[in-house]
Student: 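Once you've had a glance at the structure underneath, I'll fire off some questions.
Keep in mind that what you see is a predicted model, and the values were worked out from it rather than measured. Atoms within a ligand are numbered from 1 in the order they appear, just like the ligands themselves.
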Amino acid sequence: MKIVLLGPPGAGKGTQADLISEKYRIPKISTGDLLRAAAGAGTPLGKKAKEYMNKGLLVPDDVLIGLIKEKLAEKSMKKGFILDGFPRTLAQAEALQKLIKDFVVIQIDLPDEEIIKRLSGRRMCKCGSSYHIESIPPAKDGICDKCGCTLYQRDDDKEEVIRKRLDVYRKETEPLVEFYRKRGLLKVVDGSKGKDKIFGEIRGIVGSL
Ligand code: AMP
């Protein structure tokens, strides 16, 4: 089972990718997580990526295509996977067509104002948990319920960077909706529903494959 999740930042792709990964026991590949890990480790690739990420810009295609090629060649990807955050440009989508066959693309969409509300209130923990100051607050302000560490805000979740990421999404990534619709690969779900409802729809899509 190969699933590509498409949608603006903040639409819930990461959350749904985790749910799908758990239910169907296939790995999730989040290019954002891979780049953040590289940035955190201070590798040359990570340092380069961080400059783009902090400005809300896309990391160049050749970097991402190389990264995804390497990842998809891993043994653990044989049974399938979920791509979260790749492809984000037409060049990436075309490269992916050459790498994999028989996949479904699920688009999760959400209006811009809702995205800004969600992302500017998002708080993360280094253990991978994520919260929202209004809708999913931790029991103790600023502290992770699961591991007790201090929560932080991603540098690119500041409002001016969010607006830039949204502009980039609408310009560079949204054309992929048509790319996949034309090829008969696209399914659409409404990201404004709760996470359980969205996951229910995704289960329906996966079940019908
Ligand atoms: P995400 O966690 O998916 O929101 O990604 C965070 C940031 O990583 C993005 O704003 C981009 O700067 C970079 N990034 C992640 N995936 C890609 C991609 N497929 N192409 C280019 N840049 C990417």
Side-chain angles (χ1 to χ4, degrees), residues 2-18 20-21 27-41 43-72 81-100 103 105-110 112 114-132 152-177 179-180 191:
K2 298 174 202 140
I3 301 174
V4 171
L5 292 181
L6 192 62
K13 298 188 302 297
T15 305
Q16 294 302 324
D18 287 337
I20 300 167
S21 171
K28 138 178 144 169
I29 307 172
S30 156
T31 44
D33 286 350
L34 291 175
L35 295 172
R36 275 184 292 278
T43 65
L45 179 144
K47 282 186 189 155
K48 185 175 168 190
K50 205 172 167 182
E51 287 174 26
Y52 292 91
M53 293 165 84
N54 286 352
K55 291 183 194 142
L57 300 173
L58 294 182
V59 177
D61 284 335
D62 56 337
V63 174
L64 266 296
I65 293 169
L67 195 68
I68 221 73
K69 262 189 193 161
E70 235 174 65
K71 212 56 207 161
L72 294 182
F81 46 80
I82 309 140
L83 283 180
D84 163 17
F86 186 96
R88 265 174 149 107
T89 64
L90 279 171
Q92 292 179 17
E94 271 153 14
L96 189 65
Q97 291 297 105
K98 295 189 189 130
L99 290 173
I100 63 170
F103 60 99
V105 178
I106 303 179
Q107 183 205 6
I108 311 176
D109 207 359
L110 205 62
D112 286 6
E114 180 61 25
I115 290 171
I116 291 165
K117 221 164 55 186
R118 279 195 193 182
L119 289 184
S120 55
R122 182 160 74 168
R123 297 293 179 271
M124 315 295 294
C125 178
K126 63 181 180 199
C127 77
S129 307
S130 93
Y131 299 85
H132 188 279
Y152 67 94
Q153 184 176 32
R154 268 172 53 172
D155 287 333
D156 59 353
D157 278 348
K158 311 263 157 73
E159 186 162 338
E160 65 283 8
V161 186
I162 298 171
R163 289 198 185 272
K164 182 72 202 163
R165 286 163 70 199
L166 273 173
D167 280 353
V168 169
Y169 175 79
R170 300 287 175 212
K171 203 161 135 240
E172 306 272 351
T173 310
E174 207 160 42
L176 300 188
V177 172
F179 178 93
Y180 287 122

Student: Can you pull the residues with any heavy atom under 4.0 Å from ligand 1?
Tutor: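 Contacting ligand 1 under 4.0 Å are Thr31, Gly32, Leu35, Arg36, Met53, Leu57, Leu58, Val59, Leu64, Gly85, Phe86, Arg88, Gln92, Arg154, Asp156, Arg165.
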Student: Let me check something: any side-chain donor-acceptor pairs from residues 30-41 under 3.5 Å, sequence neighbours excluded? List them with distances.
Tutor:
from: Ser30; atom 1: OG; to: Asp33; atom 2: N; distance (Å): 3.0
from: Ser30; atom 1: OG; to: Asp33; atom 2: OD2; distance (Å): 3.4
from: Thr31; atom 1: OG1; to: Gly85; atom 2: O; distance (Å): 3.0
from: Asp33; atom 1: OD1; to: Arg36; atom 2: NH2; distance (Å): 2.9

Student: Tell me whether Gln16 contacts the main-chain N or O of Gly12 through its side chain, where contact means a donor paired with an acceptor under 3.5 Å.
Tutor: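 No; zero donor-acceptor contacts below 3.5 Å.
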Student: Just jot down the salt bridge (Lys or Arg N to Asp or Glu O under 4.0 Å) partners of Glu114, sequence neighbours excluded, or say none.
Tutor: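 Result, salt bridge (Lys or Arg N to Asp or Glu O under 4.0 Å) vs Glu114: Lys117, Arg118.
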Student: Can you find a heavy atom in the side chain of Arg165 that is under 4.5 Å from one in the side chain of Ile115?
Tutor: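 No, too far: nothing below the 4.5 Å cut-off.
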Student: If only atom types and distance count, is the side chain of Lys164 paired as donor or acceptor with the main-chain N or O of Lys55 below 3.5 Å?
Tutor: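 No, because the side chain of Lys164 does not come within donor-acceptor range (under 3.5 Å) of the backbone of Lys55.
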Student: Report the residues that fulfil salt bridge (Lys or Arg N to Asp or Glu O under 4.0 Å) with Arg122, sequence neighbours left out, ordered by chain and then residue number.
Tutor: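 By the salt bridge (Lys or Arg N to Asp or Glu O under 4.0 Å) rule, Arg122 matches Asp157.
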